[in-house]
Structure formats: C-alpha cells, structure tokens
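Accompanying notes for the structure given below.
So you know, we letter chains A, B, ... as the sequences are listed, proteins then strands, and number each from 1.
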2 protein chains.
Amino acid sequence: MSEKKTSTSHHSAIKHVVSSLDSHAGFWLRFVSNYVSARFEASVAVERVSLSEWVALRSLFDTGASDPFALMRELGMTKGAVSKIITRLEEKGMVSRQTSAIDKRATQILLTATGKNLVPRLATLADENDALFFGHLSDKQRSELISVMKQIADMHDLKVVPVK
Amino acid sequence: MSEKKTSTSHHSAIKHVVSSLDSHAGFWLRFVSNYVSARFEASVAVERVSLSEWVALRSLFDTGASDPFALMRELGMTKGAVSKIITRLEEKGMVSRQTSAIDKRATQILLTATGKNLVPRLATLADENDALFFGHLSDKQRSELISVMKQIADMHDLKVVPVK
DNA sequence: TATTGTTATACTCTATAACTATA
DNA sequence: TATAGTTATAGAGTATAACAATA
C-alpha cells in the first residue's frame, strides 16, 4: 500500500494541511470490508441470491418463520423494500407467503424446501469467504478485531444488520 | 450485542448446522464500516457532496489537476460513471473541465476556488467522523487495527479506493 | 381510525454500449 | 483504426407515499 502522508495544498496562497484519506481507520475498514462483501456478493449471486436476500433467508432459517415487520428490523429497510425482497424470493421459489388465520392483514413468511436446502449451502460460502480474508489471522488477532468492532457497535448502539 | 451461537435447523428432518452470521469477522467489519461511512456520507451531504464526489475532490486536491482516466483508477469506476461525477461537480461549481491543447480529445479537470476551499472543510469532517468512532481506541489498538487491514489489502492485492 | 402489507412512482448510482471528435 | 470522453439506455436497489384490506 502507498504511504501517503499529510498533503499540503500546492495551488493556493494559503496552505491548507489536510490529513490523508488513508490515515483514517474508517478508510481501511471500508477498504477491506467492501472487498469482503463484494466477493461474497459475487459468490451468492451464483445461486441467484443478493446480499439483502441472503440476510432475509438467513433470518428466516434461524426463526423458522417470520413476518415482514421482523424482517424490516433485521434488514433495516422500509416495509415497501422488504415486500419487494419477499416477492423476489417467492418468485425464485425460496419462500412462500401465508396469510395469518388470526389477523388476515398479517403475513407469515416461510422458507420452502428449496430455501431450506439453500441456506446451509450459502452459509458454507460465507464461511469460506471469511476464511479467505481472515483465516490467516491468529486466534488472538481475530478475537481482538471482533472485540474492537463489537465495542464500537455497543458504544454507538448500532443495531441493524447492515446490508448495503 | 446479541450472542447468537451456531444455529441448528428446526424444520427439517436432517439437521443442518449453520454458523451464525456474527461469528464472521467480515460481518463485524461490514457492520461497523457501513455505519462509519453512512455517517460521513450524511455529514458531507450538508455540503452537497456524495461519497464518490468526495473521493474525486480529494484526489484532485492532492494532484492539483487530473484527468478522467486517473480518476477512473482512483474511483474504480467506468469512464461513463466518472464523466457523470465530473459533470455533477462542474454543475456545483467545484471543478472545471479544460480541453488539452496538445491532444484535443483529452480533458484536464481542475478544482475551482470553491472546490479548493471546500476540500479542507470536508477533510475536517472526515477527521471528526473517524475520531467519533475510533478516537477511544488506544494508539496500540488503532495501529494494530490499521495494520491488520493493510495486511489483508496487501495479501489480496486490493488497490482501488472503495466508494460504495 | 389505525394497522398490515402491496404497489406506483421517483430517485440515486453505476454498468454497458453506442456515439462523437480527435489522433 | 484506436483513443478520449460523452451520452443514451437499462438495471439494481431503496425511499416515499398512495392505496386496499382488515381490525
């Protein structure tokens, strides 16, 4: 990696000292994170699944069934966006909608057999992707990294699973 | 943060053991990184600048002037996308286009006075944003974090400034 | 009236590819 | 023909808000 240092404007009478982009921890986090996500996105795309669809499927797998409101929380999206994601998954035969008998406004979302079989396969891809980028770290390094991230998440009360 | 452990499918005859989302380092990186970026995006939006526009402005500030091809490399985008970003910045009076005298096909992109004044202000926002999320870390923790990220970037030959 | 969910519309961002001008 | 850059088109993804059905 290049080692850009603080840069000084060379086109102005007044010198503005501006810290370099890559002096920020946030820069490096985004740099790596975007690659990790992009590669995973490409690997699940082979199974015709997008990142947000994966998070939805994963959530449904854990809970057995769910409703759009729960998915809104998981995905951090509006109900309109969630509705479209469910429709896409339905069209691919991975989930089905079922109107609640108790409250006919409410919908239950269920994984189909196809969806149930798919999730473990995608989870394996997630494992492999993580190993590719972080597998070389020592246990201590990995747990320190995760611990620092969790600490920041706690400090700022970050809650929604990030999709984008 | 929740401490989800390995989950076991409870709706299938065969039990699929699937590692939890948040057992992955990549999950936590994305989790934090997306918040850090989203907050910075919101803070530069006050100055009518998007993330990709910021990277372009920052690059132009460092180099004094540039051409679309150099920006393509910096931004990791196609020439069409870069052309549009330049047009947007031009419309906001932050950069100007100038046809090269030597090769009339080529364009130089220059920061205007407005653009030159803007970059240090945005850089301050970047500093503040980074401090907000990573300022509490010890010097050792911060440098260890950055060092791990740089190591991964080197290993996988990651090169383009990530924008999205 | 309030709530659940869908749908219509619009917007941002970017890729692809056709196109113009210059070399 | 090749290259620099623009523009037309399309697609993904999401928000907003209008809407229908149910409570």
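- You'll find the side chain of B:R39 stays beyond 4.5 Å of the side chain of A:H156, heavy atoms only.
- Nearest-nucleotide assignment on DNA chain D puts the 5′-proximal partner with B:F69, out of B:F69 and A:I85.
- The base of D:dT9 sits with one of its N or O atoms less than 3.5 Å from a complementary donor or acceptor on the side chain of B:K84.
- Using a 4.0 Å cut-off, some side-chain N or O of B:S52 falls inside it from OP1 or OP2 of C:dT14.
- Comparing A:A101 and A:K79 by the nucleotide of DNA chain D whose heavy atom lies nearest to each, the residue mapping closer to the 5' end is A:K79.
- Separating the CD1 atom of A:I102 from the C1' atom of C:dT3 is a distance of 16 Å, rounded to the nearest angstrom.
- Whole-Å rounding puts the B:D67 CG to D:dG5 P distance at 6 Å.
- The residue among A:V82 and B:A81 whose nearest nucleotide of DNA chain C lies closer to the 5′ end is A:V82.
- Nucleotide C:dT12 holds its C1' atom 12 Å from the CE atom of B:M77, rounded to whole Å.
- Ring-plane geometry between A:W54 and A:F40 is classed as perpendicular, the angle between the planes exceeding 60 degrees on a 0 to 90 degree scale with a lower cut at 30.
- Closest contact between the side chain of B:R88 and the listed nucleotides D:dT22, C:dA15, C:dC13 involves C:dC13.
- Residue-level contact check: B:S50 touches the backbone only, with heavy atoms under 4.0 Å from sugar-phosphate atoms and none from bases.
- Under the 4.5 Å side-chain criterion, counting only non-hydrogen atoms from C-beta, B:L132 is not in contact with B:E128.
- Straight-line distance from the CG atom of B:L71 to the C1' atom of D:dA4: 14 Å, rounded to whole Å.
- Within 4.0 Å (heavy atoms only), B:K104 reaches sugar-phosphate atoms of the nucleic acid but no base atom.
- The pair A:E53-A:R48 fails the salt-bridge criterion, with no side-chain N (NZ, NE, NH1 or NH2) lying under 4.0 Å from an Asp/Glu carboxylate O.
- No donor-acceptor pair under 3.5 Å is formed between the side chain of B:D67 and the backbone N or O of B:A106.
- Within the 4.0 angstrom heavy-atom criterion, only backbone atoms of the sugar-phosphate kind lie near B:T107; the bases stay farther away.
- Summarising the geometry, the separation between CZ on B:R105 and P on D:dA4 is reported as 6 Å, rounded to the nearest angstrom.
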